[in-house]
Amino acid sequence: MMLHSVLFYMFALFMLGAAVGVVFSRNPVHSVMFLVLTFFQSALLWLLAEAEFLAIVLVLVYVGAVMVLFLFVVMMLDVNIEAAKRGIARYAWVSISIALLMAIELIQLIWLRNQGVASTGGFASTPEGYSNTKALGAVLYTEHVYAFEIAAVILLLAIIAAITLTMRKRPGLKVQDIAAQVAVRAKDRVRVVKMAAEKKQ
Amino acid sequence: MTNLMPQALANWIDWGLGVFYSLPEWIQYLTITTWKILFVMIAVILIVAFSTYFERKVIGSMQGRVGPNRVGPSGLGQPFADVIKLLIKEVIVPSQSNKFLFIVAPLLSLIPALATWAVIPLNNWYVIADINAGLLYVLALTSVGVYGVILAGWAANSKYALLGAMRSAAQIVAYEIAMGFALVGVVMAGGSLNLGDLVTSQAGGVSNWFLLPLFPLFVVYWISGVAETNRAPFDVAEGESEIVAGFHVEYSGVAFAVFFLAEYANMVLISTLTAIFFLGGWASPFEGWTFLNDISWLAWLTVGGLPWLFAKMCMFMYTFFWFRATFPRYRYDQIMRLGWKIFIPITIIWIGVEGAMAWFQIGPWSGLGA
């Protein structure tokens with residue numbers, strides 16, 4: 001249990017440090033890499049809570065796919081630091097109010113904990129051989145099937161909306177018809193001509 | 001056994017074992033695991049070293065050349081000569097580059113390639129970490145490897161390197177989806193995310209391997225694997241003819257050697273994984289052929305183990321070299337088309353077919369689902 005707490009505080013400390021790094025890095029690419037580190041540390045925290053499926057999926061989806069695309073965009077954009085700084089003042093009230101809201105919620109949680117209200121009951125340790133992948137699958141496709149399906153449909157809508165927004169017909173676009181290319185046969189391209197041989201002298 | 005070696009040596013071994021077993025349990029565990037990790041790492045690095053040699057030999061023979069033949073007997077010392085040459089070369093860090101990320105990038109591509117070996121079963125007892133969600137762990141780590149390539153391309157502050165990084169990022173993200181879907185089929189057939197369980201569910205000879213019933217998924221997984229490792233014909237991230245050497249154009253010396261090591265370690269990894277998912281891993285192809293047991297000098301063929309996994313891995317490594325010697329490089333838009341418009345639909349359809357077969361109790365999965 002001792003080792004468990006040491007590990008928890010170590011990962012939590014690294015996570016907070018990385019999160020601070022996201023905000024205070026001058027270079028946007030460094031910010032993205034700090035965010036990747038934050039995701040990694042929170043995945044480790046979930047592993048400590050024996051939620052190995054969620055932990056690995058967090059790495060797989062967020063670190064492996066979402067952040068790669070994020071990095072891609074940040075590298076391409078070449079963010080102008082000066083312009084971003086001028087924006088800070090304009091959006092300050094939004095960010096401050098969100099931060100305040102979160103702080104209030106956290107303080108409430110800690111206050112409730114002190115009042116002796118058990119909000120979650122902590123992490124019950126699971127029996128040997130328990131697979132939370134299997135357990136999650138069993139609940140996701142039975143009890144929560146509507147929420148699951150609705151989330152899937154919303155994501156699908158988002159994909160379709162993004163594609164329709166960016167895909168527009170441009171004049172003069174050269175596109176290959178792959179089916180036509182595959183269907184081509186030698187006789188469409190080459191004509192074999194039968195000729196009489198040259199007359200002998 | 002004891003009379004074969006001197007009494008003094010036997011005493012020493014007994015004494016050593018006694019000391020070892022008297023240590024606290026966690027120290028024993030730590031020692032054994034460390035040795036397991038060391039053994040796997042050294043084996044992987046040696047395989048990588050010799051596969052660079054065999055690649056040049058194989059491609060050489062396909063193109064009617066001899067290949068390396070100067071260092072050592074028939075050139076077998078060539079990989080070591082190459083490594084020593086790279087080690088004593090200067091590492092040049094471009095002056096306008098991002099120094100930290102430039103140095104870290106090669107490591108970021110090597111670490112996932114080596115860390116994945118933790119969950120790979122080499123035979124029925126040798127696996128460093130036998131975890132339940134092993135297959136997810138493999139997927140997660142292979143998807144992290146792309147950071148090395150992207151950061152290398154960006155940190156070098158070179159146009160060619162950035163172009164290579166962009167190409168590779170889009171390509172890897174695209175093929176990862178097809179790869180993941182192909183593995184969903186494997187998980188459905190094997191009924192587990194644990195790699196050891198997947199191998200044991202394929203026990204019973206060639207006919208029980210997932211190769212035949214999941215053939216479309218096998219083809220998709222293997223080709224996506226080739227694309228994921230940035231090997232020919234999908235090596236647009238390097239693309240010598242148009243962007244010099246792509247993401248590692250600014251790298252030299254050891255830093256370049258680490259990229260090289262990572263690329264080949266990834267090839268070995270993908271070969272081994274394909275063998276585990278579709279060719280029964282360490283299981284013998286002749287398992288259950290009882291008539292082989294009656295012939296004394298062929299009986300070993302039916303016993304599974306590391307040699308079988310190694311043989312299957314070598315077969316896939318050979319096809320890597322074969323592809324490189326045979327196919328011209330894909331055009332970039334055709335790579336994207338293949339990944340998104342062909343592979344993903346194929347995998348989705350085959351997962352549907354597999355599910356329907358399991359539901360209606362047809363064919364190889366009549367025992368599954370329902």
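In what follows, every chain begins at residue 1, and chains take the letters A, B, ... in the order their sequences are listed.
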How about CD on A:Gln181, more than 12 heavy atoms from neighbouring residues, nucleotides or ligands closer than 6.0 Å, or not? yes
Just checking A:Phe70: does its CZ atom have more than 12 heavy atoms from other residues, nucleotides or ligands closer to it than 6.0 angstrom? no
Given B:Leu141, B:Leu139, B:Ile150, B:Val146, the one with more heavy-atom pairs under 4.5 angstrom with chain A than any other is B:Ile150
Name the member of B:Asp333, B:Leu151, B:Val173 that forms the most heavy-atom pairs with chain A at distances under 4.5 Å. B:Leu151
Per-residue tally against chain B (heavy atom, under 4.5 Å) across A:Leu69, A:Val59, A:Val63, A:Leu58 peaks at A:Val63
B:Tyr160 atom OH, over 12 foreign heavy atoms within 6.0 Å: no
Atom CZ of B:Phe259 with >12 non-hydrogen neighbours under 6.0 angstrom: yes
Whether over 12 other heavy atoms sit under 6.0 Å from B:Lys341 NZ: no
If every non-hydrogen atom of B:Ala133 is compared with every non-hydrogen atom of A:Glu52, which pair is closest and at what distance? CB-CG, 4.3 Å
Intermediate values then yes/no, side-chain contact (heavy atoms from CB on, under 4.5 Å), B:Val144 and A:Phe40: CA-CA 11 Å; B:Val144 169; A:Phe40 252 115; 4.2 Å; yes
Could you look at B:Leu162 and say if it's the side chain, the backbone, both or neither that has a heavy atom under 4.5 Å from chain A? side chain
Mind checking the CD1-CG spacing from A:Ile178 to B:Leu338? Nearest 0.5 Å is all I need. 10.5 Å
With only heavy atoms counted, which part of B:Leu193 is less than 4.5 Å from chain A, the side chain, the backbone, both or neither? side chain
Portion of A:Leu71 that has a non-hydrogen atom of chain B nearer than 4.5 angstrom: side chain
Part of A:Val61 within contact of chain B (heavy atom distance under 4.5 Å): neither
Roughly how far apart are A:Asn27 CG and B:Phe100 CZ, rounded to 0.5 Å? 12.5 Å
With a 4.5 angstrom heavy-atom cut-off, is it the side chain or the backbone of B:Ile177 that approaches chain A, or both, or neither? neither
Once you round to the nearest 0.5 Å, how far does CG of A:Leu60 lie from OG1 of B:Thr142? 8.0 Å
Compare every heavy atom of A:Val68 with every heavy atom of B:Tyr147, then report the nearest pair and how far apart it is. OH-N, 3.5 Å
Measure the CE-CG distance between A:Met33 and B:Asn98 for me, rounded to the nearest 0.5 Å. 11.0 Å
With rounding to the nearest 0.5 Å, note down the distance linking OH in A:Tyr62 to OG in B:Ser143. 14.0 Å
Using the side-chain contact (heavy atoms from CB on, under 4.5 Å) rule, take A:Val29 and B:Leu101 through it: C-alpha gap first, then chi angles, then the decisive distance, then the call. CA-CA 10 Å; A:Val29 172; B:Leu101 289 180; 4.2 Å; yes
